[in-house]
S.K.: 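Just dropping this structure here.
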Amino acid sequence: EQYYFAEPRQMIAGEIVPPGCYLSAIEILRRQYVAHLADLAARGKLPGVLPMPRRASALFGESGWLRRLVATATGDTDGAGRLAAGWLDLFPRHVDDAAQAELREFAERGLKAAADEAEDSWHRRLEDLRDRLAAIDKAMGELIESDPVQRGYQRELAGERRGVARRIGEIGRTDAHGALVDLGMLPNYSLIDVSTTLEATLTWQEEDDDGNRRYHSELREHRRPASQALTELAPGNHFYIKGYRHDPSGLDIGTSARPAWEPWRVCQKCGFVREGLDAQDTTACPRCGNARIGDASALHKVLRPVRVTSHDRRDDARIADDDDDRQRTYYEQAIAVDVHPADIEAGSWRHAKATFGVDYTRHAIVRHFNLGVARADRPANDFFAGEEKRISPFFACLSCGGTTFEQPHPTGHQDPLVSSGFDSSPSHHRPWCPERRTVGEHAGVILAHKLDTEALRILVPVATALIEERMASFAAA
């Protein structure tokens, strides 16, 4: 490094090669196509669609810009096909036939579904914050003003309420382009991966000139690629950013009426998974023939985390510039890869004598799982996606999302019939949670990230696959 300070020309000299991009990746094509439509609107080439507004609040609703854009771009099948064909003609040699067909399908039918999902996510986020305001108001109303301790907690909740209300206003004033990037409609830096958001609440108190305490709360949001956030933002871990150490301690798992988690039936012997309503199917695994996939041991509540929460006191969370001690929590993880036989492209190759071959597919489903905090107090006797694992679900409250690693049980320390709404005991619940004084309803979930991607499947001898050193050498080659 010191050399280049002395000879800066040596660093900047030479040819600058532009970054490469595989244009036949359909997830990239979809987002770039929406960006193309936005560009047409900005140049006045989409009748009835104005340029993108500045604020995200103008994107959604019956008269929102996004709905008008989608209606114009998908008004009739022929028109949608012409728009897609015109865009694909800009680079005819770089997009293969299969990707072009998928892009046309998206332009004609998938665009509206993607826009509806983005708008639903936007409104759901605002509804969640408004529900939190209502829960905070209810918790404040149950505290006794004449009790000085409870009055202090009431003011603390009032500070948090101000922070949530401020965040609602900030969301409405968000830049429209940035909002569409976050919602997966426009291209982002990570190209294809969706993000998981850490909603970090920092609380602190200050004294005014009269010696009265004033409570403050600030709600910050930090985003990470969902694949990395599966462990980095998992409950129990520590996330360091902008001079603070945030301790994720909650999951957004929805409500009893509208859960965010799904039932998944994971084969014990291979990477096949049945999701959602398909999990009700208890027949044998179509990939490996495993009949035990119909057992209760194969059925799991799976959450693909979109939002994770933390609640820390600012003074405790602040870290010094010279603090190099970074704490990390380890988790039990698993990977399940599934390829439908019908999705294997023509041209598969096998060596005539040795155990070696290659398959190519445009649709390999790769699922990464976080099965809970790594523990050594019991053996790994849970069969999951072809491996023996220890499954220790996260238990999240359905009212506030507060998460613990053990199944909650009644403590019996307080009778809710004769007590106030105040409870100062340590708890994984949020301060405003209505279930803080009781066990409450919890869901035991494992975390997952799912990616539909192109892949090469390589056949190797068992003797190679079971020896870690040989696999590392093969991967490096």
Side-chain angles (χ1 to χ4, degrees), residues 18-19 21-127 168-195 223 362 452:
C21 180
Y22 179 54
L23 293 179
S24 292
I26 187 59
E27 291 295 336
I28 295 177
L29 285 179
R30 288 168 181 162
R31 297 188 188 192
Q32 293 289 352
Y33 177 68
V34 177
H36 171 68
L37 295 178
D39 181 62
L40 292 179
R43 291 185 286 162
K45 295 186 177 181
L46 281 182
V49 183
L50 297 174
M52 184 186 300
R54 292 181 59 193
R55 301 299 184 192
S57 56
L59 291 173
F60 307 108
E62 291 296 330
S63 59
W65 178 85
L66 183 61
R67 188 162 296 191
R68 291 199 301 272
L69 177 77
V70 172
T72 301
T74 62
D76 63 271
T77 303
D78 293 338
R82 285 194 297 271
L83 283 171
W87 183 64
L88 290 170
D89 287 342
L90 297 175
F91 33 86
R93 300 190 307 274
H94 303 287
V95 181
D96 60 39
D97 293 340
Q100 291 189 34
E102 291 190 53
L103 191 279
R104 293 190 182 94
E105 175 70 19
F106 174 77
E108 296 171 4
R109 300 177 183 83
L111 177 59
K112 185 179 185 306
D116 289 343
E117 183 178 352
E119 183 166 351
D120 181 65
S121 298
W122 173 268
H123 289 307
R124 187 167 61 247
R125 172 62 178 143
L126 291 175
E127 289 173 6
I168 292 176
E170 291 172 353
I171 290 176
R173 296 188 296 272
T174 301
D175 172 73
H177 178 272
L180 290 177
V181 170
D182 293 338
L183 292 168
M185 294 295 295
L186 292 178
N188 63 354
Y189 178 75
S190 60
L191 296 180
I192 62 170
D193 203 5
V194 296
S195 63
R223 291 180 174 84
R362 291 184 58 85
D452 185 346

S.K.: What's the verdict on side-chain contact (heavy atoms from CB on, under 4.5 Å) for E108 and L83, showing C-alpha distance, side-chain angles and the deciding distance?
M.R.: CA-CA 10 Å; E108 296 171 4; L83 283 171; over 6 Å; no
S.K.: To the nearest 0.5 Å, what is the distance between CE (M52) and CG (L186)?
M.R.: 5.0 Å
S.K.: Any side-chain heavy atom of H36 sitting closer than 4.5 Å to one from L40?
M.R.: yes
S.K.: Please report the shortest heavy-atom distance between P53 and A176, naming the atom on each side.
M.R.: O-CB, 3.1 Å
S.K.: Would you name the heavy atoms of M185 and A118 that are closest together and state the gap between them?
M.R.: CG-CB, 3.9 Å
S.K.: Output every pair passing ring pair (Phe, Tyr, Trp, His ring centres under 6.0 Å) with a member in residues 93-113, not counting sequence neighbours, ordered by first then second residue.
M.R.: none
S.K.: For residues L103 and Y33, report the shortest heavy-atom separation together with the two atoms involved.
M.R.: CD2-CB, 4.0 Å
S.K.: Going by an N to O cut-off under 4.0 Å, is there a salt bridge joining R31 and E27?
M.R.: no
S.K.: Report, as yes or no, whether the 6.0 Å neighbourhood of atom CZ on R55 holds more than 12 heavy atoms from other residues, nucleotides or ligands.
M.R.: yes
S.K.: Closer than 3.5 angstrom, by distance alone: can the side chain of Q100 be matched with the main-chain N or O of V95 as a donor-acceptor pair?
M.R.: yes
S.K.: Test: salt bridge (Lys or Arg N to Asp or Glu O under 4.0 Å). Region: residues 36-45. Which pairs qualify, not counting sequence neighbours?
M.R.: D39-R43
S.K.: Using the test side chain to side chain contact (heavy atoms under 4.5 Å, CB included), find all partners of A56 that sit at least two apart in sequence or belong to another chain.
M.R.: L59, W122, T174, A179
S.K.: Without placing hydrogens or testing angles, list every side-chain donor-acceptor pair under 3.5 Å for residues 60-67, not counting sequence neighbours.
M.R.:
| from | atom 1 | to | atom 2 | distance (Å) |
| --- | --- | --- | --- | --- |
| E62 | OE1 | R67 | NH1 | 3.2 |
| E62 | OE2 | R67 | NH1 | 3.0 |
| W65 | NE1 | L50 | O | 2.6 |
| R67 | NH2 | E119 | OE1 | 3.1 |
| R67 | NH2 | E119 | OE2 | 3.3 |

S.K.: For residues 73-84, pull every pair meeting salt bridge (Lys or Arg N to Asp or Glu O under 4.0 Å), keeping only residues two or more places apart or in separate chains.
M.R.: none
S.K.: Can you measure from OG (S24) to CG (L29) and round to the nearest 0.5 angstrom?
M.R.: 6.5 Å
S.K.: Working to the nearest 0.5 angstrom, can you tell me the gap between K112 NZ and T74 OG1?
M.R.: 7.5 Å
S.K.: Are D182 and R125 ion-paired here, with the side-chain N under 4.0 Å from a carboxylate O?
M.R.: no
S.K.: For D175, what residues pass the side-chain hydrogen bond (donor to acceptor under 3.5 Å, both in side chains) criterion, not counting sequence neighbours?
M.R.: none
S.K.: Minimum heavy-atom separation for E102 to I26, with atom names?
M.R.: CB-CD1, 3.6 Å
S.K.: Quick one: CZ on R68 to CG on L46, what's the gap to the nearest 0.5 Å?
M.R.: 12.0 Å
S.K.: Counting only heavy atoms from other residues, nucleotides and ligands, does the tally under 6.0 Å from CD of E170 exceed 12?
M.R.: yes
S.K.: Identify whether the distance between the nearest side-chain nitrogen and carboxylate oxygen of R124 and E127 falls below 4.0 Å.
M.R.: no
S.K.: Just verifying a value: how many Å separate L180 CG and L69 CG, rounded to the nearest 0.5 Å?
M.R.: 9.0 Å
S.K.: Let me confirm one number: the OG1-CG distance from T72 to L37, rounded to the nearest 0.5 Å.
M.R.: 9.5 Å
